[in-house]
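For reference, the structure is listed below as structure tokens.
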Amino acid sequence: MKILHASSEVFPYSKTGGLADATAALARAQAAAGHSVTLVTPLYRGIRDTFPGLEPLGQAELPAKVWRLDPEPNLTVLFIDEPEWFDRDGLYGHVDDAERFIFFSKCVVRLAKHVEIVHAHDWQSGLVMPLLANEPVGKIFTIHNAAYQGRFPADKFALTGLPDAYFDSRQLEFHGDMNLLKGGVVSADLVTTVSPRYARELLTGEYGCGLEGVFQSRDDALSGVLNGVDYTEWNTMDNPHLAAAYSADSPGGKAANKRALQHELGLPLLDNAPLFGNISRFTDQKGIDILLGALKEQLDGGAVFQFAGLGSGDPSLEQAMSRLAKRHPEQVAVKIGYDTGLAHRIEAGSDFYVMPSRFEPCGLNQLYSLRYGSVPVVRTTGGLDDSVIDLGQGEDTATGIKFGDCSAAALGQALGQALDLFAEPKRLARVRDNGMRADFSWRQTTAQYDRLYAKIKKPAA
Ligand code: ADP
């Protein structure tokens, strides 16, 4: 099939979170499966310096300069080059984000000729769906996080070039504003989100972020497809970021990674204290406040453990994390910032990975943790619930520890369970082994998308 993806971030060219990993890996997996795949994304500052192989796309009548890269067979990445919109620091959060991503979506539409499927991702590409409303192409829209909607004042609607009828409560209008995520949801043939449980959660007031009515109206078209992991990127055997190679069949090297991580972060080199890890955007979503509360409770109670944290975001959470590390230098190490190498080393060096998200559309870090033998401790929401099997199921099948309440007390209890598990090395080894052998590769994800695409495919022009 000829497939075109539109995404505002694609790893390794740009990334703020899971969207970049997911779209890159999906496109690669589809290309490897024999589809002809094009990925369209903005040319942000620095990409051409880092990837000198970009070549100009010789196609006339495009609204911007476009660069192409063919990183592997069947896969072409097209970069929209408009310095006024994209040559700046930071991907999002600019005052003119409406202009920037409306422009991006219009460019995508111009490039979406001669394909059978256009697959747009998140609000930044939402407008692609209504812009293609009358085109003979299968349209699929994936929500990676419904909390970010691209909601802008009504006067920005004129920039879309859509007929006025589209500024309507059944289309892009939402409480007097323009909502680009909603535009994608209402105009796509099919809507997916990145886990089955999150697809059900979106229908509720608790998780629907105000759009639950819109999701309910598209219930027949909405489904959840769990993201996969790119195991060529996230692997423990051939990984330049890691101190030692290891795997489910030869798990011995994990201990060397733990010591290397302790050394790197200035923590005492203890084998007999469990090391908990977390890598997050510091936002309300990720439950960092709950994590802080539970860690404090455990530290005050004299529990023997270590914690390695990496993240950035909300300044008050950054400060609170740094304060905790200062107060407990033997037990808590926190690095504020963004560091891919350290993210791999925390996954490899920690015994447990803590993810107390308030909501989690899919979550990738718990999937990486499973493969890296860092037993996930997760809240029962979204993709966390879909991908982790709780200890309560027995250690023959369990891969992690789950808790339900969104509170420091509930997480504290789960951490207590983790401490107990750590004290029983045989049980821990079993649970860790189950997780390391679990397969969340993209094969399954692409097969599910193949079935969805087949339902909406239109013949190529
Ligand atoms: P989200 O997309 O909501 O941020 P996910 O778990 O789906 O959460 O994906 C997060 C991705 O971003 C993972 O690949 C994770 O390792 C990475 N990441 C997040 N914060 C950092 C950071 N501070 N440094 C390095 N990588 C990070």
Side-chain angles (χ1 to χ4, degrees), residues 7-26 90-92 121-124 142-148 193-195 197-198 207 209 224-236 239 241-242 261 264-265 277-288 291 308-315 317-318 321-322 333-350 353-372 374 376-379 381-388 400 440 442 445:
S7 178
S8 59
E9 50 186 278
V10 177
F11 181 82
Y13 316 106
S14 56
K15 170 167 167 176
T16 70
L19 172 65
D21 288 357
T23 50
L26 175 60
L91 269 55
Y92 318 124
H121 300 265
D122 274 354
W123 74 262
Q124 297 89 338
T142 296
I143 300 160
H144 296 255
N145 193 332
Y148 302 97
T193 185
V194 286
S195 69
R197 175 156 175 164
Y198 190 60
Y207 290 96
C209 303
V225 179
L226 197 70
N227 280 336
V229 174
D230 184 346
Y231 288 122
T232 57
E233 200 59 48
W234 291 90
N235 83 86
T236 51
N239 187 329
H241 300 300
L242 302 191
L261 179 64
E264 177 175 356
L265 297 177
N278 175 270
I279 304 148
S280 283
R281 291 180 295 115
F282 287 175
T283 62
D284 193 49
Q285 172 191 348
K286 299 293 175 181
I288 303 300
L291 178 59
L310 166 66
S312 61
D314 182 338
L317 293 171
E318 288 183 359
M321 273 288 183
S322 300
V334 171
K335 189 163 167 204
I336 303 300
Y338 194 94
D339 184 337
T340 300
L342 183 55
H344 283 264
R345 291 191 290 279
I346 289 177
E347 295 280 9
S350 53
Y353 188 88
V354 195
M355 210 153 162
S357 307
R358 289 200 159 73
F359 67 95
E360 195 58 76
C362 174
L364 292 171
N365 276 314
Q366 87 282 7
L367 300 177
Y368 304 151
S369 307
L370 288 167
R371 179 51 57 99
Y372 279 54
S374 176
V377 179
V378 303
R379 217 187 130 233
T381 184
L384 299 178
D385 194 36
D386 285 335
S387 59
V388 175
F440 290 97
W442 279 93
T445 309

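Atoms within a ligand are numbered from 1 in the order they appear, just like the ligands themselves. Along the sequence shown, residues are numbered consecutively beginning with 1.
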In ligand 1, which numbered atoms sit nearer than 4.0 Å to a non-hydrogen atom of [X]?
| X | result |
| --- | --- |
| Y368 | 13 (C), 14 (O) |
| G337 | 22 (C), 23 (N) |
| S280 | 20 (N) |
| R281 | 1 (P), 3 (O), 4 (O) |

Looking at [atom], what's its closest protein heavy atom, distance included?
| atom | value |
| --- | --- |
| atom 22 (C) of ligand 1 | Y338 CD1, 3.4 Å |
| atom 12 (O) of ligand 1 | K15 CE, 3.6 Å |
| atom 2 (O) of ligand 1 | G18 N, 2.5 Å |
| atom 6 (O) of ligand 1 | L364 N, 3.0 Å |

[X] contact mode with ligand 1 (heavy-atom cut-off under 4.0 Å):
| X | answer |
| --- | --- |
| D21 | side chain |
| K286 | side chain |
| N365 | both |
| A22 | neither |

*Distance-only side-chain donor-acceptor flag, Q285 / Y148, under 3.5 Å*: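 Checked: Q285/Y148 side chains show no N/O donor-acceptor pair below 3.5 Å.
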
*Go through the side-chain N and O atoms of Y372 and H344 and say whether any donor and acceptor fall under 3.5 Å apart.*
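The answer is yes; a qualifying pair exists.
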
*Quick one: does E347 get a heavy atom under 4.0 Å from ligand 1?*
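Outside the 4.0 Å threshold, so no.
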
*Does ligand 1 have an atom under 4.0 Å from some heavy atom of Q366?*
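Judged by the 4.0 Å heavy-atom criterion, Q366 does not count as contacting ligand 1.
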
_Residue pairs passing the salt bridge (charged side-chain N to carboxylate O under 4.0 Å, His left out) test where at least one lies in residues 359-368, sequence neighbours excluded_ =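 Sorted pair list: K286-E360.
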
_All ring-ring contact (aromatic ring centres under 6.0 Å, His included) counterparts of H121, not counting sequence neighbours_ =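 By the ring-ring contact (aromatic ring centres under 6.0 Å, His included) rule, H121 matches H5, H119, H144.
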
*Would you give the length of the straight line joining atom OH of Y368 to atom CD of E233, rounded to the nearest 0.5 angstrom?*
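Rounded to the nearest 0.5 Å, the OH-CD separation comes out at 8.5 Å.
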
